[in-house]
Amino acid sequence: MIVLGIESSCDETSASIVKDYNILSNIIFSQEIHSEYGGVVPELASREHQKNIAYVIDKSLLKSNTKIEDIDGIAVTYGAGLKGALLVGLNFAKGMSIALDIPFIGVNHLEGHLYSNIMDNKEIKFPFISLIVSGGHTQIWRVNQIGNYDLLANTVDDAAGEAFDKGARLLGLSYPGGPEIQRVSENGDPSYIDFPRPSVKKSKYNFSFSGLKTSLLYKIKQMDKNIVKKNIHHIAASYQEAIVDTLLDRIKRISKEEKISQISIAGGVAANKRFREKSEILSSKNNISIYFPDLNLCTDNAGMIAMAGYEKLHNGIHSDLLLEPNPNLSL
Ligand code: KG4
Ligand code: ZN
């Protein structure tokens, strides 16, 4: 069976071909237009998707040596995400579904991130803990089975990726901020500034990252501009360390309390080098197995959507042409 995957929920236009559970192509067009604005501009994102979607799909067919008439189904993200951006992919998928007379499957973007990990680490067994950590989400789920999830922790304000993006902006770095902070931090001292490791009152596990960003703002304001410039690698490294430590603290505590030692991490922030390094230390000290997806499957891509859709189609599930985009879709 061959499934075409389409992803357009935020600022990546992506298409993928999956055949018999193997990703044959995964073409990702990252919209650079947003970098000068310090964040994703929704209207521009929709227009960029519109401009590139046909090209990206055509390229994924070519790269995988697949003829369009050989596709058995189309998997497409229908939420969560930006409504206008989602509409582009969803309507394209519906049009192709009618034209080719094949089913289309609406896929939850978060379930896609979950799949990025399951398909890359076949040894993961249910139940396991999943941390989905991206620009829009910082959630920890207990994954009992595919389709059966319990939410254990959520952010009460900014997502961790958003904290990277907003922090980068304060430091004069471009968007997306995560890779930029990682790059600048390379030779920095993570103990240069002792940023708070934020927690949420009255909640055991929830995250709150907006105070951390404010703390960075105040630190920078207190410091002489030249000192900030000279020590930007130390400041960035300290800020990155606070985010990473906060994520690892919850993983450790939840793993212990839930008595589950298999943890999967997914989403854009899972690409972070320091996060991966410190996870390895946590994992070996506490006898926890922590799984990260391949780097190119961390950030938004259609391969993970095609995989999730493939599984649904395999189980006889597909969607109705009246399916609408759902910007706030949860797992
Ligand atoms: O999963 P994703 O591509 O899109 C969403 O669903 O949000 O995640 C994008 C987020 C951005 O906030 C970006 O700054 C962050 O992931 N990110 C990183 C890294 N690469 C991407 N954060 C930290 N370190 C990275 N290497
Ligand atoms: Zn995502």
Side-chain angles (χ1 to χ4, degrees), residues 5-14 16 26 28-32 34-35 37-40 42 45 49 77-82 85-86 89 107-117 130-139 155 158-171 173-186 188 190 207 209 212-213 236-237 239-248 264-279 292-305 307-308 327-331:
I6 300 175
E7 156 65 35
S8 73
S9 66
C10 193
D11 57 343
E12 261 87 28
T13 318
S14 181
S16 165
N26 193 11
I28 305 167
F29 175 80
S30 293
Q31 304 176 355
E32 280 170 13
H34 308 285
S35 64
Y37 301 96
V40 178
H49 286 309
T77 307
Y78 76 103
L82 301 167
L86 290 164
V107 173
N108 184 327
H109 182 81
L110 294 176
E111 212 164 29
H113 275 304
L114 251 182
Y115 261 86
S116 68
N117 228 327
S130 175
L131 166 64
I132 300 178
V133 62
S134 66
H137 295 89
T138 305
Q139 298 181 334
T155 178
D158 293 349
E162 213 175 343
F164 272 109
D165 296 334
K166 289 180 175 173
R169 201 172 172 180
L170 292 173
L171 291 169
L173 303 170
S174 60
Y175 176 86
E180 279 293 282
I181 289 199
Q182 173 177 311
R183 180 183 61 79
V184 172
S185 299
E186 199 62 47
F207 299 98
F209 288 105
L212 182 61
K213 169 201 65 196
Y239 185 73
Q240 171 176 261
E241 199 76 355
I243 299 175
V244 167
D245 283 352
T246 305
L247 296 172
L248 291 174
S264 95
I265 320 261
V269 179
N272 186 267
K273 202 170 152 217
R274 184 72 178 155
F275 187 29
R276 287 176 175 245
E277 281 165 9
K278 289 196 93 173
S279 292
F292 283 91
D294 210 58
L295 273 184
N296 59 356
L297 293 176
C298 287
T299 45
D300 291 348
N301 68 91
M304 66 187 194
I305 303 300
M307 274 294 207
N328 302 314
L329 190 65
S330 180
L331 260 188

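For the single chain, residues carry numbers from 1 onward in sequence order. All ligand and atom numbering here is 1-based and tracks the order in the structure.
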(Q) With heavy-atom distances below 4.0 Å as the criterion, list the atoms of ligand 1 near G161. (A) 12 (O)
Q.
Under a plain distance cut-off of 3.5 Å, with no hydrogens placed, do E32 and S30 share a side-chain donor-acceptor pair?
A. no
Q: Please could you name the atoms of ligand 1 that H113 approaches to less than 4.0 Å, counting only its heavy atoms?
A: 1 (O), 6 (O)
Q: Provide the number and element of each atom of ligand 1 under 4.0 Å from a heavy atom of Q182.
A: 24 (N), 25 (C), 26 (N)
Q: Using distance alone, determine whether G178 and ligand 1 share an N or O pair under 3.5 Å.
A: yes
Q: Please identify which atoms of ligand 1 are closer than 4.0 Å to at least one heavy atom of D165.
A: 11 (C), 12 (O), 13 (C), 14 (O)
Q: Please state which part of H109 comes within less than 4.0 Å of ligand 1, counting heavy atoms only: side chain, backbone, both or neither.
A: side chain
Q | Derivation of the side chain to side chain contact (heavy atoms under 4.5 Å, CB included) call for F207 and D158 | A | CA-CA 8 Å; F207 299 98; D158 293 349; over 6 Å; no
Q: Do me a favour and list the nearest non-hydrogen protein atom to atom 20 (N) of ligand 1 with residue, atom name and distance?
A: G268 O, 3.4 Å
**Q.** For T299, atoms of ligand 1 separated by under 4.0 Å from a heavy atom
**A.** 3 (O), 21 (C)
(Q) How far is atom 24 (N) of ligand 1 from the closest protein heavy atom, and which atom is that? (A) N272 ND2, 3.0 Å
Q.
I'd like to verify the contacts: list protein N, O or S atoms under a distance of 2.8 Å from the Zn ion (ligand 2).
A. H109 NE2, H113 NE2, D300 OD1
(Q) For H113 and H109, take the angle between the two ring planes, folded into 0 to 90°, and tell me which bin it lands in: parallel under 30, tilted 30 to 60, perpendicular over 60. (A) perpendicular
Q: Please could you name the atoms of ligand 1 that G177 approaches to less than 4.0 Å, counting only its heavy atoms?
A: 14 (O)
Q) For ligand 1, which atoms sit closer than 4.0 Å to a heavy atom of G135? A) 5 (C), 7 (O), 8 (O), 9 (C), 10 (C), 12 (O)
Q. Do D300 and ligand 1 have an N or O pair less than 3.5 Å apart?
A. yes
**Q.** For G136, atoms of ligand 1 separated by under 4.0 Å from a heavy atom
**A.** 7 (O)
